[in-house]
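To find a chain, count down the sequence lines: A is the first, B the second, and so on, and within it residues start at 1. No hydrogens, no waters, no symmetry mates; every other heavy atom, side chains included, goes into these values.
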2 protein chains.
Amino acid sequence: MAELIPILDEQAAESLYGQLYRFFREEILSGRIVAGTKLPSVRHLCRSAGVSKSTVETAYQQLLAEGYLESRARSGFYVVEAVDFAGWDVLPAEGEAEVVTPPVAAVAPRYNFHGSVIDLASFPLGVWKKCMLEAMERYQGDLAFYGDKLGEYELRAEIARYLRQARTVQAVPEQVVVGTGLLQAVGSLCLLLAADVKKVAIEEPGYADVREVFEQHGMEVVPVPLEEDGLSVQLLRESGAQMVYVTPAHQYPYGMIMPIAKRMQLLEWARSTGGLILENDYDGEFRYKVKPVPSLQGLDQHGSVIYVSNFSKALSPAIRVNYMVLPLKVMERYRAFYQQYANPVSRIEQRALQLFLQNGHWERHIRKMRKVYERKQAALLQAVEEEFGDLVSVLAQAAGLHLILEVKAERSGEELAAIAVAAGVKVYPTTRNWIGAAKPAWPRLLLGFGGLSPEEIREGIQLLRHAWFPDER
Amino acid sequence: MAELIPILDEQAAESLYGQLYRFFREEILSGRIVAGTKLPSVRHLCRSAGVSKSTVETAYQQLLAEGYLESRARSGFYVVEAVDFAGWDVLPAEGEAEVVTPPVAAVAPRYNFHGSVIDLASFPLGVWKKCMLEAMERYQGDLAFYGDKLGEYELRAEIARYLRQARTVQAVPEQVVVGTGLLQAVGSLCLLLAADVKKVAIEEPGYADVREVFEQHGMEVVPVPLEEDGLSVQLLRESGAQMVYVTPAHQYPYGMIMPIAKRMQLLEWARSTGGLILENDYDGEFRYKVKPVPSLQGLDQHGSVIYVSNFSKALSPAIRVNYMVLPLKVMERYRAFYQQYANPVSRIEQRALQLFLQNGHWERHIRKMRKVYERKQAALLQAVEEEFGDLVSVLAQAAGLHLILEVKAERSGEELAAIAVAAGVKVYPTTRNWIGAAKPAWPRLLLGFGGLSPEEIREGIQLLRHAWFPDER
DNA sequence: ATGGATTTGTCCGTATGTATG
DNA sequence: TCATACATACGGACAAATCCA
């Protein structure tokens, strides 16, 4: 064996054994030391390199652990034979490369009428902090292990209680499943029901994101046109779908509330065909003027309705908690199927939410937010009326955190949105919520008002009017 | 209605009304009391059960509040008609019996050697609280809206930095995806890659939960037997799989480290077949004696390795954060495919974790935990040696939070586990991690030591020895 | 072939400067 | 601030493998 003395730098930041380890690893990987070679003995090397025995030993042990060397007891360390190392580039140097440069934020529009932004000023930060702290204190034992796969029982009990009382949902804690989002929940149902549900009906227009989830899971998606009062049950019948996705509380995007008669027809469809109804209680909490309508699930007598909802609008979209209420037959399958998955929601956050509900903050908060959003909606309605008058008509006023503006202009929704952006206002075309071509005579745009103050709303609408109808007035 | 008199135990720890509540709840959920049944009147029941009126009343009120009963004024309490309770299992579905649903406390084994429990006493609760509070303060603006779909950028940057430095992973923040768990990540990859990956190879024995996820997504799963140093690349080649799932840092469950030669063979397989490698860096942080070994992904030069790991062992399984590092070609597909999904992890918790990493707590914590678990492992090894001597041999010592005990007994792993449970000790057979029949000559059981103190470990092992080998000594 | 000298990996107690809490 | 713990480095003790007279 020729000379093979690594040059070590006592001054270097890297430890001596680290330098030694790296030297030999690179010699081996580059093929300069061929397989089968006996490395210098510990004692020999420590003398020639001028370091202690254990320094060499530590380096050799590491190479041994990683499989570069094998040790023959009291004989020596040998480079493993198993593979030809020649030609492998040396590993990238460890350590720091670049500084963290957060990606350049796109120029945020001054007035963003997004439908999912909430009113931050009303978020009960203090209370939420308290709940989090108490959760960490009271339930610190939870941190050691996975929790209930369906969600912490006490949280599910609180959700069930709330749903029974406020949303007329029939629910016991055992039916409730807690998850991280509506789309995730729909995805999990797709996988669960894939064997039985090949064809799923959705509202046309409807929630495009949900449609994509169905499609990604290989389901055939049938658009069922909306009538005045929700989707056409007649056409649903003809579709041959095994499941239908509906938003009876507040149709997305058009905002109609499904009347009781149509709800009964829908349930009758389910009963007679054995079909499943996936009820998204979208914006159910925020209903203005009109009386609450019982949830579809609450009217159901045959366990055909899967009820889904979330805390994104009423609490925060950043908190990532949704819930499902499953009928018995689906629940049994769900439990068996998702047996191996830990619940995806942080246990502490579940506990915080549980405390938030248990202490009555939730109901208080909902009541408060109803007022807040009612005022914002009023501001938006008034601004729209004042600025646009007959140039637009307004849909989806009964509930929710957005309106639909039907604009009497010879332009597409996309064009109008682009014009708006140029003026610093972001509004949202609804065309992607159609599977077929959008049919309304005039373009319709979605304007969410949750994240803007009444003043911002008024200013935004003024800008919008000047951008869209510069000549009027 | 026939006699229905619960037997109450005045001496029990549980309150009388609690026992009553639980009794009826279980009767209803199990279907032994059918929907619509009138329960015995308060007065009647309090006489027959020998308790006071208010005890019964409290129990009924609780059941009422939770939706099991409805009260008809001046008539009585009835089991609700709406939900068909028949067939609801009171106990959680098969699987983790140690997950306690509060109303029905399962008998927790005194010494639970579960592989995923962490050392709670070492959890940095104070620091974590501080991070959470600061996150809520500093990033309260995040609460108004959804975050980055891949995870908050600064968190991904911190994860990338850590992985580069400590795990020799080649990672920039743009490749990192944050999620709620390893299985969820694998599931999302299945959906994403379904078109290209029909057949996936896994280690035999391997991680059964992961196998089930693959199967649920319709992939054909090919078990590839383990050799001394990890799965057989020869047989992998012959399998025709388009993807392989491996745990090179610490094979689950047997604990071997994949040596460099086999890593290169594996990468060569990927290069020559265009296959993908899914590297789960399982327990990579907890290596005893030598430093952690570099990742497989770090050796890859062709973007064939998907790297996945999580914070469950090293921080807490209750916190639900995992991460993936995707090769660029996969990353592009991922972004396009999951475009509509909000990131499932709570933004505040992401921020807290980000601060935890940024302030160096993470590296500190890892170093600390390595010591803690090293001590526990030593205690377990010593106890096993003292109690069992040659009656067992020990595998998987190099790393991780568990050992494998090969028990020289003419019984199956399941039998041994059952005997252990009867003695108050829970250990885990490994047979379900095999697809084919388990081949080892002797039964092998998994003993996790993360959640037990050295004393508990010793006591548990003593009990185990007496239960398994009562005649020896 | 052999026995003793030497070399070798392995184990272990210790010293020291640095980082940690 | 200070005590402690830790990573790193050092060298002695031991026993097995190897070498060689």
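Each of D/dC6, D/dC10, D/dT18 was ranked by its minimum atom distance to the side chain of B/Arg375; first place goes to D/dC6. Closest to the side chain of A/Tyr17, from the set C/dT20, C/dG9, D/dA9, is D/dA9. Distance from the side chain of A/Ser15 is smallest to D/dA9 among D/dA9, D/dA15, D/dA7. For A/Ser75, taking side-chain heavy atoms from C-beta onward, the closest of the listed nucleotides C/dT8, D/dA17, C/dT20 is D/dA17. Closest contact between the side chain of A/Lys38 and the listed nucleotides C/dT8, C/dG21, D/dC10 involves C/dT8.
For a distance-only test at 3.5 Å, the side chain of A/Glu57 fails to qualify as a donor-acceptor partner of the base of D/dC10. Applying the 3.5 Å distance criterion, the base of C/dT8 shares no donor-acceptor pair with the side chain of A/Lys53. Side-chain atoms of A/Arg43 and base atoms of C/dG9 include a donor and an acceptor less than 3.5 Å apart.
A side chain to side chain contact (heavy atoms under 4.5 Å, CB included) with B/Val178 holds for exactly one of B/Asn322, B/Leu353, B/Val345, B/Leu150; it is B/Val345.
For B/Tyr288 and B/Tyr373, the ring centers are positioned 6.0 Å apart or more. Close placement of the B/His402 and B/Tyr252 rings is indicated, their centers lying within 6.0 Å of each other.
The interatomic distance linking B/His365 (NE2) with D/dC6 (C1') rounds to 17 Å, in whole Å. In this structure, A/Glu14 places its CD atom 13 Å from C1' of D/dT8, rounding to the nearest Å. Atom CD in B/Glu363 sits roughly 10 Å away from atom P in C/dT20 (whole-Å rounding). The CG-C1' distance, from B/Asn359 to C/dT20, rounds to 15 Å in whole Å. B/Lys291 has its NZ atom 17 Å from the P atom of D/dC6, to the nearest Å. Between the C1' atom of C/dC11 and the OH atom of A/Tyr60 lies a distance of 18 Å, rounded to the nearest Å.
OP1 and OP2 of D/dA9 both lie 4.0 Å or more from every side-chain N or O belonging to A/Ser52. Between B/Arg370 and D/dC6 there is no side-chain polar atom (N or O) within less than 4.0 angstrom of OP1 or OP2. For D/dC10, one of the phosphate oxygens OP1 or OP2 lies less than 4.0 angstrom from a side-chain nitrogen or oxygen of A/Thr55. One finds no side-chain N or O of A/Ser71 lying less than 4.0 angstrom from the OP1 or OP2 phosphate oxygen of C/dG9. Distances shown here put every side-chain N or O of A/Arg74 at or beyond 4.0 Å from the OP1 or OP2 atom of D/dA15. Residue B/Lys368 places no side-chain N or O under 4.0 Å from the OP1 or OP2 atom of D/dC6.
Contacts of A/Phe77 with the nucleic acid, taken as non-hydrogen atoms under 4.0 Å apart, involve only primed sugar atoms and P, OP1 or OP2. Residue-level contact check: A/Gln61 touches the backbone only, with heavy atoms under 4.0 Å from sugar-phosphate atoms and none from bases.
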Check your understanding: Would B/Asn280 and B/Tyr307 satisfy side-chain contact (heavy atoms from CB on, under 4.5 Å), going step by step from the backbone distance to the final call?
Key -> CA-CA 6 Å; B/Asn280 180 0; B/Tyr307 176 95; over 6 Å; no

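Under the 4.0 Å criterion applied to side-chain N and carboxylate O atoms, B/Arg320 and A/Glu349 are not assigned as salt-bridge partners.
No cation-pi contact links A/Arg347 to A/Phe145, judged by a cut-off of 6.0 Å to the six-membered ring centre and 45° from its axis.
Nearest-nucleotide assignment on DNA chain D puts the 5′-proximal partner with A/Val51, out of A/Tyr78 and A/Val51.
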